[in-house]
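Following: one structure in structure tokens, then a few remarks.
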Amino acid sequence: NTSAYYIVSNDFSCSGVTNWSQIDSFTGEIDGNDKTISDITSTDATGIFRWIDGGVIKDLNVSSISITSSGDQVGTLAGGAGGGATITNVHILSGAVTGNDQTGGLIGHQEPDVTITGSSSAVSVTGHSFVGGLVGQAKGAVSGCWASGYVYSTGVAVGGLLGSSDAAVSDSHATGDVMEATPSAAEQWGTGGLIGYSSGGISNSYATGDVDSYWEAGGLVGYIDNSNPITNSYATGNVGSNITTGKRMGGLAGASLVNISDSFARGSVTGSEQVGGFSGWANSTISNSYSTGAVTSSTTVGAFVGNVN
């Protein structure tokens, strides 16, 4: 019954299941009771659930999970969530997930009416575009969440926590390294230690992983617009350590069209054009903020901002 209430009473392993068959749509409630489900493996599912539709998942741990799919909207917990679903205190402790577009360490796609709070992922994540350590494409609010896995992409919109975000992100962090490995990556999507592309704003958040990309990479966010600001946030990872020819590279933001305040960047930044210790390219006001990392570029370079519009 996919619409019932369930409580997990004990830790248990799914090692006896050869290839997990996903639950198509879940509308009920699962109280994980702080227990752990482990040893889930699938080579064709898009998550434990394909879709969480208005359901509630809370206080659940998952370890040793491996999800591999050639499709879009792929995660460990679910491929996607909508219908006002809530995900609270759900922690993916170990494993790996591989998908195409909209691939995340927790879920692949989050609709605007879905809230994710106090949840985390420690799995490695591999995908094409909209790839994140926690959520691939986040359209709803995310707060008090974190991710620590390595994130690898061959497309656009790649982040240590969220590949892209259209809503507010607060009190969250990411510690994993992020790699976008496509020389032809499009502009205005970005690669970031926390978020690849953001239009919803960032507050009280940070990233510590190294970030590499050929276009618009930032220690915190790759590309941010739509007037919602960055406040009280920071990044300490290096940008451009492995890919040294990137454009619009910044210690905090690759490219920023929003106001930034009370924030800082401490990592070194390396690129070929529009490279800055804080922001590679900026069309906004930056206040009460600083950077301390070394900056290396062949052209259009600044200790703080590489290029100001």
Notebook entry, point to check: Does a donor on one side chain sit under 3.5 Å from an acceptor on the other, for Asp212 and Asn242?
Noted result: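 Yes, a side-chain donor-acceptor pair sits under 3.5 Å.
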Notebook entry, point to check: Under the salt bridge (Lys or Arg N to Asp or Glu O under 4.0 Å) test, which residues partner Asp59, sequence neighbours left out?
Noted result: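 Listed in chain order: nothing, the list is empty.
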Next item on the list: Scan residues 37-46 for pairs that pass salt bridge (Lys or Arg N to Asp or Glu O under 4.0 Å), counting only residues two or more places apart or in two chains.
Entry: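 Not a single pair qualifies under salt bridge (Lys or Arg N to Asp or Glu O under 4.0 Å).
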Check: Which salt bridge (Lys or Arg N to Asp or Glu O under 4.0 Å) pairs, counting each pair once, include a residue from residues 111-126, with sequence neighbours left out?
Finding: none
Return the minimal non-hydrogen interatomic distance between [X] and [Y], and the atom names on each side.
X      : Y      : answer
Ile37  : Cys14  : CG2-SG, 3.9 Å
Ala147 : Gly160 : CB-O, 3.4 Å
Ala217 : Val211 : CB-CG1, 4.0 Å
Ser291 : Phe304 : OG-CD1, 3.5 Å
Gln110 : Val142 : OE1-CG2, 3.7 Å
Ala167 : Ala141 : CB-N, 3.7 Å

Got a second to check how far [X]'s [atom1] is from [Y]'s [atom2], nearest 0.5 Å?
X      : Y      : atom1 : atom2 : value
Lys35  : Ile7   : NZ    : CD1   : 9.0 Å
Ile195 : Ile224 : CD1   : CD1   : 7.0 Å
Leu106 : Ser121 : CG    : OG    : 6.5 Å
Asn204 : His173 : CG    : NE2   : 13.5 Å
Tyr6   : Ile57  : OH    : CD1   : 11.0 Å
Asp11  : Asn33  : CG    : CG    : 9.5 Å

Can you find a pair of side-chain heavy atoms, one from [X] and one from [Y], that are under 4.5 Å apart?
X      : Y      : result
Phe278 : Val295 : no
Val62  : Thr36  : no
Thr231 : Ser203 : yes
Val56  : Ile30  : no
Ile260 : Leu252 : yes
Trp20  : Ile48  : yes
Ile107 : Ile87  : yes
Thr86  : Lys58  : no

Between [X] (side chain) and [Y] (backbone), is there a donor-acceptor pair under 3.5 Å?
X      : Y      : result
Ser42  : Asn19  : no
Ser69  : Gly99  : no
Asp177 : Asp210 : yes
Ser284 : Leu257 : no
Thr244 : Thr270 : no
Ser289 : Ser287 : yes
Ser272 : Thr245 : yes
Thr98  : Thr68  : no
Ser233 : Ser205 : yes

Notebook entry, point to check: Does a salt bridge link Asp24 with Arg50, judged by any charged N lying under 4.0 Å from a carboxylate O?
Noted result: yes
Item checked: Val178 reachable from Val156 in the ILVMFWY side-chain graph, under 4.5 Å edges ->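 Unlinked, Val156 and Val178 end up in two clusters.
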Margin query: Let me check something: do Ile65 and Tyr152 share a hydrophobic cluster, defined by ILVMFWY side-chain heavy atoms less than 4.5 Å apart, either directly or through other members?
Written below: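 No; tracing contacts between hydrophobic side chains, which count when under 4.5 Å, never links both residues.
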Next item on the list: If a pair satisfies side chain to side chain donor-acceptor pair (under 3.5 Å) and one of its residues is in residues 157-172, list it, with sequence neighbours excluded.
Entry: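 Sorted result for residues 157-172: Lys139-Asp166, Asp166-Ser199.
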Next item on the list: Please say which of Trp215, Tyr214, Tyr197 ends up in a ring-ring contact (aromatic ring centres under 6.0 Å, His included) with Trp189.
Entry: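 That would be Tyr197; it is the only one of Trp215, Tyr214, Tyr197 passing the ring-ring contact (aromatic ring centres under 6.0 Å, His included) with Trp189.
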Next item on the list: Please test Val97 against Val74 for side-chain contact (heavy atoms from CB on, under 4.5 Å), starting from the C-alpha separation and ending with a verdict.
Entry: CA-CA 8 Å; Val97 58; Val74 181; 3.7 Å; yes
Check: Given Ser3 and Asn1, is the side-chain hydrogen bond (donor to acceptor under 3.5 Å, both in side chains) satisfied, shown in steps?
Finding: CA-CA 6 Å; Ser3 61; Asn1 187 340; 2.9 Å; yes
Next item on the list: Starting from the C-alpha separation in whole Å, work towards a yes-or-no answer on side-chain contact (heavy atoms from CB on, under 4.5 Å) for Thr126 and Thr103.
Entry: CA-CA 7 Å; Thr126 301; Thr103 297; over 6 Å; no
Note to self: Gln102 vs His109, test: side-chain contact (heavy atoms from CB on, under 4.5 Å). Steps then yes/no.
What the structure shows: CA-CA 6 Å; Gln102 301 176 53; His109 177 84; 2.8 Å; yes
Next item on the list: I would like to know whether Thr300 and Asn307 meet side-chain hydrogen bond (donor to acceptor under 3.5 Å, both in side chains); could you show each step before the answer?
Entry: CA-CA 6 Å; Thr300 324; Asn307 188 22; over 6 Å; no
Taking only residues two or more places apart in sequence or in another chain, which ones pass side chain to side chain contact (heavy atoms under 4.5 Å, CB included) with [X]?
X      : value
Ser70  : none
His128 : Asn100, Asp101, Thr154
Ser279 : Ala253, Ser256, Ala282, Val305
Ser153 : Val131, Val158, Glu180

Note to self: Side-chain heavy atoms under 4.5 Å apart, restricted to Ile/Leu/Val/Met/Phe/Trp/Tyr: what other residues fall into the cluster of Trp146, or is it alone?
What the structure shows: none
Checklist line | Cluster companions of Tyr206 among Ile, Leu, Val, Met, Phe, Trp, Tyr (side-chain spacing under 4.5 Å) | finding: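 Other cluster members: Tyr234, Phe264, Tyr290.
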Check: Taking only residues at least two apart or on different chains, which pairs with a member in residues 30-60 satisfy ring pair (Phe, Tyr, Trp, His ring centres under 6.0 Å)?
Finding: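 Passing the test, one end in residues 30-60: Phe26-Phe49.
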Margin query: Quick one, Ser298 with Glu273, criterion side-chain hydrogen bond (donor to acceptor under 3.5 Å, both in side chains). Give me CA distance, side-chain angles, the key distance, then yes/no.
Written below: CA-CA 7 Å; Ser298 56; Glu273 184 179 336; over 6 Å; no
Notebook entry, point to check: Who passes side-chain hydrogen bond (donor to acceptor under 3.5 Å, both in side chains) against Asp31, sequence neighbours left out?
Noted result: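 Partners of Asp31 under the side-chain hydrogen bond (donor to acceptor under 3.5 Å, both in side chains) test: none.
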